[in-house]
Amino acid sequence: LDRRKAVALQVMETIEKAGYEAYLVGGCVRDHLLQKIPTDYDIATSARPEVIQSLFVRTVPTGLKHGTVTVLQDAIPIEVTTFRVEGDYQDHRRPQHVRFVSLLKEDLARRDFTFNAMAEDRQGKIIDYFSGLRDLERKVVRTVGDPQARFREDPLRMVRAARFANQFSFQLDPSTEQAMCRLKQECIYLSVERVTAEIEKIWATPNCSIGIELLVRCGLLYTLPPFYKWELPVDLDPSGLSNMDPMQDRIVRWAGLLFFCQVKPEQIGTYLLDLRLSRRDQVRIKACFALGSRWKVEDERTMKGWLLRYGLETVQRAGSFTSCFDPQIGDTVLPQLEKWWSELIVKGESELAIDGKELLEVCGGPPGPWIKQTLHHLLEQVALGAIGNDRSTLLKEGCRFGKSYPR
Ligand code: ATP
Ligand code: MG
């Protein structure tokens, strides 16, 4: 079975033998009940972080401020967090069991949604004070306690509600949804990173449109950083978003979301900076968006030129992006791309029989952008089979082309 769970149970046993209590909590309990594989195993305990550090050989103080210590056992990380008591942590040894139960309950009550607020003991018993099991069965996202109060406490929970509804194909409980629509304005103070992290989790699911549609429907997209800065059109229509669902690639989905927000190609650089994605992601999303926006004639010659210039992956992404809005491209052009790619005789300048240095030596003249242009011209000629890939042919054609290039 899941080795990580076995390790988590071992960790719990060690804690219990030292006289404290320990429970599996949060996502891993929920995911087991949904018969999904948890991303990580979290333990809540009555022992203070120092106690946890003394009980295990390998620990990392990942969040001492929040009472969290990561225990490493057989290279598997398990997060162990002390029950929180009014901002402080106290040791709670047995046998004050009654106090314990109330501590566990308090810990669970601080959690966002009922299905995230269950615990499981070492014997596999589910502790469910807030009807999380019932909500899992009803397929409902519902806050623990009053939704308005909980969303005010941490507005990110509104985005998480949409994320979980998306991830599990659940409905929002009516009062939870109402509170989201009512309190959307609170979101403007969230950090961009927390918001994009939740959107990434939406991208990681097959039907991402459900999540984005919810954000649009409640008006959250208009109040979330950095989106609210962009002054989005008030009449965004989420009905076309489901076209994004077949596109599993997160780069394509980011590009699709920006397109949906009616970002213009010349704005995309700034908007990507606003999103604080990695430099690498920014480059890839920009290429996907730019190429996709220019996608008009999909003849073989043009496409082979693009493949040589941008590479297979980028062109495939741009094609996927375009097919969100023009399904015909997905049906006809996308399957062709790999074939066209394989037909290219060479795929990069490094495969040419000459390099820029040789070109400069033989053709003469000051170095400059003409070298790059000439090499690309030669690459196209060779790749498409117009000329052979041998030194003398390349130098001859290279010098001819290079001379015609303005220096
Ligand atoms: P995933 O499987 O995507 O990791 P998760 O439920 O484990 O989902 P995390 O963000 O890893 O989500 O959080 C772990 C647990 O911590 C949650 O199950 C929930 O109980 C609690 N939690 C996380 N974020 C919040 C929040 N903003 N407010 C209240 N509780 C939260
Ligand atoms: Mg988690």
Side-chain angles (χ1 to χ4, degrees), residues 2 4-5 8 22-45 62-63 65-71 76-84 87 103-120 126-133 135-136 140-170 172-173 176 179-180 183 186-187 189-208 210-211 220 224-225 250:
D2 195 343
R4 294 174 307 160
K5 181 160 187 183
Y23 301 88
L24 290 173
V25 285
C28 66
V29 179
R30 173 202 72 214
D31 288 344
H32 267 293
L33 293 166
L34 287 170
Q35 286 165 1
K36 292 186 197 289
I37 298 162
T39 50
D40 35 41
Y41 283 83
D42 297 327
I43 292 173
T45 182
T62 39
K65 229 175 46 188
H66 309 105
T68 303
V69 173
T70 299
V71 174
I76 293 172
I78 307 284
E79 277 202 358
V80 182
T81 306
T82 306
F83 297 144
R84 205 167 191 162
L103 286 176
L104 175 64
K105 190 169 176 183
E106 267 176 61
D107 182 285
L108 295 174
R110 284 192 296 111
R111 294 169 186 271
D112 47 8
F113 303 106
T114 57
F115 50 58
N116 283 343
M118 292 180 279
E120 185 178 331
I126 301 292
I127 297 138
D128 178 20
Y129 296 115
F130 306 102
S131 307
L133 271 170
D135 287 340
L136 277 187
V140 163
V141 181
R142 191 165 63 88
T143 55
V144 174
D146 173 45
Q148 294 207 38
R150 302 311 309 285
F151 288 153
R152 273 209 188 86
E153 245 170 48
D154 180 3
L156 188 75
R157 291 172 187 155
M158 296 186 246
V159 189
R160 286 172 61 86
R163 188 262 273 197
F164 285 117
N166 181 95
Q167 194 169 334
F168 305 130
S169 298
F170 280 17
L172 296 178
D173 183 70
T176 294
M180 277 164 71
L183 294 177
E186 308 273 322
C187 286
Y189 303 110
L190 290 172
S191 78
V192 171
E193 287 81 359
R194 290 182 85 200
V195 173
T196 52
E198 293 298 327
I199 295 179
E200 290 288 359
K201 293 209 169 173
I202 293 179
W203 295 156
T205 61
N207 297 325
C208 64
I210 300 175
L220 281 168
L224 285 173
R250 54 180 284 279

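For ligands, and for the atoms within them, numbers begin at 1 and follow the listed sequence. The first residue of the sequence shown is numbered 1, and numbering continues consecutively from there.
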Do Leu24 and Lys5 touch side chain to side chain, with heavy atoms closer than 4.5 Å? yes
Is the ring pair Phe164/Phe168 parallel, tilted or perpendicular, if the boundaries are 30 and 60 degrees? parallel
Around atom CD1 of Ile37, are there more than 12 heavy atoms from other residues, nucleotides or ligands closer than 6.0 Å? no
Once you round to the nearest 0.5 Å, how far does CG of Asp107 lie from OG1 of Thr81? 8.0 Å
Could you tell me whether Arg150 and Glu153 make a salt bridge, using a distance below 4.0 angstrom between a side-chain N and a carboxylate O? yes
Asp40: which N/O/S atom is nearest the Mg ion (ligand 2)? OD1
Which atom of Pro38 lies closest to which atom of Asp31, heavy atoms considered: CA-OD2, 3.4 Å
I'd like the contact residues of ligand 1, where contact means a heavy atom below 4.0 Å. Gly26, Gly27, Arg30, Asp31, Thr39, Arg110, Arg111, Asp112, Asn116, Asp154, Arg157, Arg160, Arg163, Phe164, Lys201
